[in-house]
Amino acid sequence: MKRRDAIKGLSLLPLAGVYGSALAQGATIASNSKTGVLGVLASANQTGAEASAEVFRAIGVEPIINCRGTFTIIGGSVELPEVKAAVHAAADNFVQYDELAAGVGQHLAKLTGAEWGMVSSGCAAGMKHVTVACLTGGNPEKLIRLPNVAGLEKTEVIIPLYSRNYYDHAIRNTGATIITVETAEELKNAISERTAMIYIMTGSQSEEGPLSTRAIAAMAKPHNVPILVDAAAEDLTVPNVHLEQGADVVAYSGGKVMCGPQGAGLLLGKKSILQAAWQASAPHHGIGRNDKVGREETMGMVAAVEAWLQRDHKAVWQKWLSWLDTINKRVSTIPGIKTEVREPNRLSNHSPSLSITWDPKALHVTGDEIVDEMVRARPRIAVGGSRGENGLTGVSITAFQMQDGNDKIVADRLYEVLSQKRTPKSTAPVAAAHDVTGRWEVNIKFANSESVHNFYIEQKDNWVTGVHQGDFYTRDMVGSVEGNEVKFQSAYRVPGDSLVFSFSGTLSGNDGDQMTGRVHMGEYLECTFAAKKVEYTTENRRSIKIPVGPPLST
């Protein structure tokens with residue numbers, strides 16, 4: 001998967017719900033409010049990773065062994081020792097932040113060969129600052145107007161359709177108008193005096209084809225339109241591959257591949273743009289004031305870049321392979337298990353992984369069920385789902401953010417859950433107790449508000465199809481009814497956004513005309529719903545006269 005592919009598929013959307021609900025469903029977690037965080041830190045019996053785990057347990061949160069990769073929702077990456085040392089050292093002194101930014105910019109330029117560098121409060125914040133720089137050119141009168149772009153000469157950002165993603169909210173937040181293009185001809189026609197910037201997310205289509213970075217640069221340069229490349233989870237290359245291909249600025253996430261501070265981002269490229277981007281960042285006021293990066297994260301990010309350039313990457317790769325080998329040897333002894341070690345050569349999320357697959361009819365369990373089982377009890381282990389050919393199911397293990405000693409723990413736990421003797425499950429659904437066909441008025445209670453939605457449902461046997469009408473969006477819905485239990489799911493997708501609502505509830509009332517339950521909203525957590533079937537009355541029945549010709553009056 002490239003940088004942010006994880007959120008593009010439904011298989012990864014339940015992450016937040018799985019981890020959030022695990023606490024409520026009996027994961028072995030105990031809070032020790034008497035000891036507290038300070039008590040754990042002061043204990044002479046806790047050191048290193050053990051102390052880190054106990055800090056979280058002191059507030060009732062059970063840590064996770066990360067076999068998935070650098071996902072922000074489970075912490076991104078573990079900071080390198082050099083990064084932690086730099087963060088702590090920076091915390092003990094004061095410094096003027098503009099002087100710090102200038103020193104960092106020059107130092108990063110020397111390290112990477114780029115014209116300039118900047119540390120932001122995450123990759124998305126860096127994207128926002130660069131966009132502001134391209135909208136305002138460093139003019140503070142324009143800066144303090146944003147997100148009102150009225151009167152600005154540059155107001156538009158062009159994005160190829162393949163690059164539209166959740167993270168381009170950082171660009172939209174500035175007030176810029178997004179122009180989405182699908183072809184080179186559309187891009188040529190879209191470039192105008194209003195074009196502030198072109199944004200590209202890295203991937204196969206940015207590497208080759210009619211809208212590759214090189215091809216876009218050839219069209220943009222004659223018009224002096226800058227290009228921002230989002231390479232958040234990629235390996236840092238020196239000299240930088242994206243700048244060589246014609247990008248003006250490239251943005252990285254600090255808390256992913258480089259194992260820097262999770263709250264930091266790295267920007268490399270044209271000095272004038274990055275100096276205007278720094279002006280749009282805290283501690284300066286304006287639209288970027290809320291994206292504050294501290295001296296601690298700044299110096300930690302610089303240390304991460306230095307450490308990256310000094311690292312023996314081949315040796316690290318071999319260590320990762322040895323961890324996967326430990327797991328592979330253990331689970332391969334289970335009859336029916338197939339394994340494959342994958343070594344991708346892509347720049348993004350560059351890590352070997354282990355695919356473990358099996359026939360679900362033989363082991364009587366699916367990969368998704370194993371994913372849930374692994375994360376719900378101690379030791380909590382986050383693994384990915386995997387699919388094989390010919391109906392095989394499975395899980396995947398990504399080595400990148402595993403830590404020393406994790407391989408043995410993961411191997412033992414996987415062996416335990418995969419070697420369990422399980423009884424076959426009945427594939428026949430329980431007959432539906434009620435027919436839910438019709439219109440339903442659905443009251444959804446969000447965290448701090450309520451909305452009335454509508455379901456328009458058609459049921460055949462156990463299966464449901466229909467429409468979910470929300471506050472702003474109407475989308476198709478599918479689901480099932482078994483006994484009194486209902487499960488519905490709707491999905492809304494547009495360039496740059498998607499919403500998946502999964503309803504699970506129980507029918508009640510006269511002839512099943514009411515339902516209540518929970519709404520699982522993927523990364524947007526959970527809420528509750530209560531629905532009632534709409535009864536159509538006969539009060540307003542009347543015959544309709546169809547006109548026989550054009551109107552004689554209006």
> Taking the side chain from Ser386 and the backbone from Ser396, do they hold a donor-acceptor pair closer than 3.5 Å?
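No, Ser386 side chain to Ser396 backbone: no donor-acceptor pair under 3.5 Å.
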> Distance-only, no hydrogens or angles: does the Ser120 side chain make a donor-acceptor pair with backbone N or O of Gly122 under 3.5 Å?
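Between the backbone of Gly122 and the side chain of Ser120 there is a qualifying donor-acceptor contact (under 3.5 Å).
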> Does atom OH (Tyr492) have a neighbourhood of more than 12 heavy atoms from anything else shown, all under 6.0 Å?
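Counting neighbours around OH of Tyr492, more than 12 heavy atoms of other residues, nucleotides or ligands fall under 6.0 Å, so yes.
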> How would you list, by chain and number, every residue that makes a side chain to side chain contact (heavy atoms under 4.5 Å, CB included) with Glu99, sequence neighbours excluded?
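Side chain to side chain contact (heavy atoms under 4.5 Å, CB included) list for Glu99, sorted by chain: Gln96.
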> Is it true that Gln489 and Ser502 share a donor-acceptor pair across their side chains at a distance under 3.5 Å?
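Judged by distance alone, the side chains do pair up.
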> Step by step, work out the salt bridge (charged side-chain N to carboxylate O under 4.0 Å, His left out) result for Asp92 and Arg295.
CA-CA 10 Å; Asp92 290 335; Arg295 63 193 187 278; over 6 Å; no
> If I take atom OH from residue Tyr473 and atom OG from residue Ser490, how far apart are they, to the nearest 0.5 angstrom?
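Output value for this atom pair is 13.0 Å.
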> Just by distance, do the side chain of Ser77 and the backbone of Gly255 share a donor-acceptor pair under 3.5 Å?
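Yes; at least one donor-acceptor contact below 3.5 Å.
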> Taking the side chain as every heavy atom from C-beta outward, state whether Ile287 and Pro147 have any pair of such atoms under 4.5 Å apart.
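Counting from C-beta outward, Ile287 and Pro147 do come under 4.5 Å.
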> Examine distances only and state if a side-chain atom of Glu182 and a backbone atom of Leu161 form a donor-acceptor pair shorter than 3.5 Å.
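Judged by distance alone, no pair lies under 3.5 Å.
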> Tell me the closest heavy-atom pair linking Glu296 and Val87, and the distance in Å.
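Closest heavy-atom pair between Glu296 and Val87: O-CG2, 3.4 Å.
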> Only one of Asn66, Ile65, Ile74, Ile64 forms a side chain to side chain contact (heavy atoms under 4.5 Å, CB included) with Arg380, so which one is it?
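Of Asn66, Ile65, Ile74, Ile64, side chain to side chain contact (heavy atoms under 4.5 Å, CB included) with Arg380 is met by Ile64 alone.
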> Specify the closest pair of heavy atoms between Val83 and Pro261, including all atoms of both residues, with the distance to one decimal.
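Scanning both residues completely, I find the closest heavy atoms to be CG1-CD, 3.7 Å.
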> Indicate whether any N or O donor in one side chain lies under 3.5 Å from an N or O acceptor in the other, for Ser206 and Ser212.
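Result is no, nothing qualifies.
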> If you count heavy atoms of other groups shown closer than 6.0 angstrom to CE of Met402, is the number above 12?
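Correct, the count exceeds 12.
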> If we ignore angles and hydrogens, is there a donor and acceptor under 3.5 Å between the side chains of Glu343 and His350?
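No, no side-chain donor-acceptor contact under 3.5 Å.
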> Applying the side chain to side chain contact (heavy atoms under 4.5 Å, CB included) criterion to Trp358, which one of Leu392, Thr393, Val331, Thr339 satisfies it?
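Testing each of Leu392, Thr393, Val331, Thr339 against Trp358, the sole residue satisfying side chain to side chain contact (heavy atoms under 4.5 Å, CB included) is Thr393.
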> Answer yes or no: is there a side-chain heavy-atom contact under 4.5 Å between Thr70 and Gln401?
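Yes, their side chains come closer than 4.5 Å.
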> How long is the straight-line distance from OG of Ser348 back to CE of Met201, given to the nearest 0.5 Å?
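Rounded to the nearest 0.5 Å, the CE-OG separation comes out at 8.5 Å.
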> So that I can tick it off, tell me whether Asp407 and Lys319 are bridged by a salt bridge, with the cut-off set at under 4.0 angstrom between side-chain N and carboxylate O.
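Result for this pair is no, no salt bridge flagged.
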> Can you list everything that forms a salt bridge (charged side-chain N to carboxylate O under 4.0 Å, His left out) with Asp291? Sequence neighbours excluded, please.
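Partners of Asp291 by the salt bridge (charged side-chain N to carboxylate O under 4.0 Å, His left out) criterion, ordered by chain and then number, come out as Lys128.
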> For the CG atom of Leu135 and the OG1 atom of Thr131, what is their distance to the nearest 0.5 Å?
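Spacing of CG (Leu135) from OG1 (Thr131) equals 6.5 Å.
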> Hey, could you give me the CG/CD1 distance between Leu414 and Ile409, rounded to the nearest 0.5 Å?
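If I round to the nearest 0.5 Å, the distance is 12.0 Å.
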> Specify the closest pair of heavy atoms between Pro352 and Pro344, including all atoms of both residues, with the distance to one decimal.
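In this case the closest contact between Pro352 and Pro344 is CA-CD, 4.2 Å.
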> If you look at every heavy atom in Ile273 and Pro226, which pair is closest and at what distance?
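So the minimum-distance heavy-atom pair works out to CD1-CB, 3.7 Å.
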> Is there a side-chain contact between Met521 and Leu499 (heavy atoms, below 4.5 Å)?
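A side-chain contact under 4.5 Å is absent here.
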> Atom CG in Leu80, atom CD in Glu306: separation rounded to 0.5 Å?
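So the CG of Leu80 and the CD of Glu306 are separated by 12.0 Å.
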> Would you find more than 12 non-hydrogen atoms of other residues, nucleotides or ligands less than 6.0 Å from Lys408 atom NZ?
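For Lys408, atom NZ is not crowded (no more than 12 foreign heavy atoms under 6.0 Å).
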> For the residue pair Trp116 / Gln106, report whether a side-chain donor-acceptor contact shorter than 3.5 Å exists.
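Not at all, the side chains of Gln106 and Trp116 share no donor-acceptor pair under 3.5 Å.
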> Is there a side-chain contact between Asp230 and Cys123 (heavy atoms, below 4.5 Å)?
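Touching, per the 4.5 Å side-chain cut-off.
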> Among all residues two or more places apart in sequence or in another chain, which pass the salt bridge (charged side-chain N to carboxylate O under 4.0 Å, His left out) test with Asp325?
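Applying salt bridge (charged side-chain N to carboxylate O under 4.0 Å, His left out) to Asp325 gives Lys329.
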> Once rounded to the nearest 0.5 Å, what's the spacing between atom CG of Asp368 and atom CD of Glu373?
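With rounding to 0.5 Å, CG (Asp368) is 12.5 Å from CD (Glu373).
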> Any donor and acceptor pair, going by atom type alone, linking the side chain of Ser163 with main-chain N or O of Ile159 inside 3.5 Å?
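No, Ser163 side chain to Ile159 backbone: no donor-acceptor pair under 3.5 Å.
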> Would you tell me whether Gln279 and His284 have side-chain atoms, one donor and one acceptor, within less than 3.5 Å of each other?
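On atom types as modelled, these side chains do not qualify, holding no pair under 3.5 Å.
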> If you draw a 6.0 Å radius around NZ in Lys270, do more than 12 non-hydrogen atoms from other residues or ligands fall strictly inside?
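Count not over threshold, so no.
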> Please confirm whether the backbone N or O of Glu369 pairs with a side-chain atom of Asp372, one donor and one acceptor, at under 3.5 Å?
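No, the answer is negative, given that no donor and acceptor are paired below the 3.5 Å cut-off.
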> Using a 3.5 Å distance criterion without hydrogens, assess whether the side chain of Thr112 forms a donor-acceptor pair with backbone atoms of Ala114.
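Flag set: sc Thr112 to bb Ala114 pair under 3.5 Å.
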> Could you go through residues 173-181 and list every donor-acceptor pair under 3.5 Å that involves a side-chain atom there, pairing it with any protein atom two or more places apart or in another chain?
from, atom 1, to, atom 2, distance (Å)
Asn173, ND2, His169, O, 3.2
Thr174, OG1, Ile171, O, 2.7
Thr174, OG1, Ala176, N, 3.3
Thr180, OG1, Arg164, NH1, 2.8

> Minimum heavy-atom separation for Ala377 to Arg413, with atom names?
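Heavy-atom minimum between the residues: CB-NH2, 4.3 Å.
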> Knowing that exactly one of Glu234, Glu207, Arg346, His242 qualifies, which makes a side chain to side chain donor-acceptor pair (under 3.5 Å) with Thr202?
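Checked Glu234, Glu207, Arg346, His242 against Thr202; only one passes side chain to side chain donor-acceptor pair (under 3.5 Å): Glu234.
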> Answer yes or no: is there an ion pair linking Arg342 with Glu340, defined by an N-O contact shorter than 4.0 Å?
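Here Arg342 pairs with Glu340 in a salt bridge, since their nearest N and O are under 4.0 Å apart.
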> Would you check if Met258 and Val305 make a side-chain contact, meaning some heavy-atom pair closer than 4.5 Å?
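Side chain of Met258 against side chain of Val305, heavy atoms only: contact under 4.5 Å found.
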> So Leu274 and Ser272, do their side chains get closer than 4.5 Å, heavy atoms only?
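No, side chains not in contact.
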> Identify the two heavy atoms, one from Ala307 and one from Glu82, that lie closest to each other, and give their separation to 0.1 Å.
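Distance-wise, the nearest heavy atoms are CB-OE2, 4.0 Å.
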> So, the side chain of Thr237 versus the backbone of Val241: is there a donor-acceptor pair under 3.5 Å, distance only?
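The answer is yes, because a donor-acceptor pair under 3.5 Å joins these two groups.
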> Measure the shortest side-chain to side-chain distance between Leu146 and Val132 over non-hydrogen atoms and say whether it is less than 4.5 angstrom.
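With C-beta onward as the side chain, the pair touches.
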> Just jot down the side chain to side chain donor-acceptor pair (under 3.5 Å) partners of Lys84, sequence neighbours excluded, or say none.
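Per chain and number, Lys84 pairs via side chain to side chain donor-acceptor pair (under 3.5 Å) with no residue.
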> Got a donor-acceptor contact below 3.5 angstrom from the Thr326 side chain to the Ser322 backbone?
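Present.
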> For Arg172, what residues pass the salt bridge (charged side-chain N to carboxylate O under 4.0 Å, His left out) criterion, not counting sequence neighbours?
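Once residues adjacent in sequence are excluded, the partners of Arg172 under the salt bridge (charged side-chain N to carboxylate O under 4.0 Å, His left out) criterion are Asp168, Asp497.
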> Before accepting this row, confirm whether a basic side-chain N of the pair Lys256/Asp235 lies closer than 4.0 Å to the acidic partner's carboxylate O.
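Between Asp235 and Lys256 there is no salt bridge, as every charged N stays at least 4.0 Å from the carboxylate O atoms.
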> What I'd like to find out is whether the side chain of Pro160 reaches to under 4.5 Å of the side chain of Gln205, using heavy atoms alone.
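Not in contact.
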> Please check if the number of heavy atoms outside Glu208 that lie under 6.0 Å from its CD is greater than 12.
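Result for CD/Glu208: open.
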